[in-house]
Number of protein chains: 2
Amino acid sequence: MRRSKEDAEQTRQAILDAAEEIFCSQGVAAATLEKISHRAGVTRGALYWHFKDKADLLQALHDRSRPVQDAMIRAAAQDGHEDPLGLLEQAATDMLVAFEQDARQQRMFMIMNFTSPDEGGAAWLRQVNAELFLTLSSLIGQAEQKGELTPDFSPNEVTVIMIATLNGFISDWLRSGRLFPLADLGARLVKRQMSLFRREKLTSSDDVPA
Amino acid sequence: MRRSKEDAEQTRQAILDAAEEIFCSQGVAAATLEKISHRAGVTRGALYWHFKDKADLLQALHDRSRPVQDAMIRAAAQDGHEDPLGLLEQAATDMLVAFEQDARQQRMFMIMNFTSPDEGGAAWLRQVNAELFLTLSSLIGQAEQKGELTPDFSPNEVTVIMIATLNGFISDWLRSGRLFPLADLGARLVKRQMSLFRREKLTSSDDVPA
DNA sequence: GTTTACATACATACGCGGATGTTTATAAAT
DNA sequence: ATTTATAAACATCCGCGTATGTATGTAAAC
């Protein structure tokens, strides 16, 4: 019973959806192509028609989620902003809010974060983190050039801290079964933490010549 | 060729060492008992003599690393300290220093952190994190009762933030291939971050006008 | 009529667990 | 002190299930 092209695309998406759920709940290694295709309401034949093998499936899953990730990264990449650290703070909290409401993003994070490096998961996360590092680094570099950065940390160190904190926050939130308000607590933390990175304005007897 | 009891214990440890390395480099799921036993210089027969199956091996691996974890946790559990937050800061930096120098701890963290939940990895991490949460929570609770805690965060929130930050820091450090100084940067971050949790002593004006 | 979009059937490989064989430490008996 | 029995500490081998990949069938879409 051959389907139309739209139907074919629909089954393809169904397979991707099923893979997302199975990969997330069972883990990539334990996930069987039979389980995935059965969950999608098709047979392994259909899966092998659309995808070469399990790795290709994971790749496709990754490609499908890339636009969202890219959008979030670009949202923080606006150049020449007059308040880079403020923009960074805003972007981070926005990201947390969006993440908390998007089950698909959460599943992708779990899949890529909990999958072992040899299965391509780490490579993906590395790439995303590298792009994120570059954009954040750019923003923070702008802040430094404007003299807004504390001397306590170098720009690269601030970038590392930001990424590690956000990653750890999200990881723990997912691992804990979402039992604390990610965006709320995260936003408050980011706000306070950002103050650690800002050069102190002027506390009574501080001589800071420009 | 029957070995003496010391020899037997030695091969048992050799198997555990091999499992630690293989699990860490290949991932738990991709790790074959044949690979592990071959790495240990024995056959699968020996492995099955000492351990019931792969899950049992992982359990034994976990048990072997427990004393270290417990020691670190207890190090932060001294009750009735006159400066709970200071103790917490000290314990956290000490933990980072020790972790940075202990390859075995690093491997165990990677194994348990990157292994999928269904294979027992997450359960282990959950338990350790739960104990850690309780001890930290106790410390921070003491700080609150002494009125040393900021009103910005609840004690539980502070605990969550501390654990998430440390976890994220360690995870990113391992994932990045150790390309930033974990203990050094971590200690400086913890020191500054801890100031966010302390109730401000008395700064003339405490609110920041835009 | 040809290609598409699958389903079905089968061939292959691999890892696991267990059965069994073998050697030797160790204790008990002599 | 020597012998004997038992069980520890492995090695070797094999059967089984299971996942994977491929080859083929087939009905509908183009």
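Chain naming here is simple, since letters A, B, ... match the order of the sequence lines and numbering starts at 1 in each.
- Remark: Thr32(B), Leu33(B), Arg44(B), Tyr48(B) in residues 32-51 of chain B come within less than 4.0 Å of DNA chain C through at least one heavy atom.
- In this entry the distance linking CG of Asp53(B) with C1' of dG18(C) reads 13 Å, nearest Å.
- At whole-Å resolution of the value, NZ in Lys52(A) and P in dG21(D) are 8 Å apart.
- Residues passing the side-chain contact (heavy atoms from CB on, under 4.5 Å) test with Ala18(B) are Ile36(B), Arg39(B), Ala40(B), sequence neighbours excluded.
- Protein atom CD of Gln26(A) is 11 Å distant from nucleotide atom P of dA19(D), rounded to whole Å.
- Partners of Gln145(A) according to the side-chain contact (heavy atoms from CB on, under 4.5 Å) rule, which considers only residues two or more places apart in sequence or in another chain, do not exist here.
- Contacts of Ser195(A) classified as side-chain contact (heavy atoms from CB on, under 4.5 Å), with partners at least two apart in sequence or in another chain: Leu196(B).
- Looking at residues two or more places apart in sequence or on another chain, you find no salt bridge (Lys or Arg N to Asp or Glu O under 4.0 Å) involving Asp102(B).
- Among residues two or more places apart in sequence or in another chain, the side-chain contact (heavy atoms from CB on, under 4.5 Å) test is passed with Glu89(A) by Val190(A), Lys191(A), Met194(A), Arg198(A).
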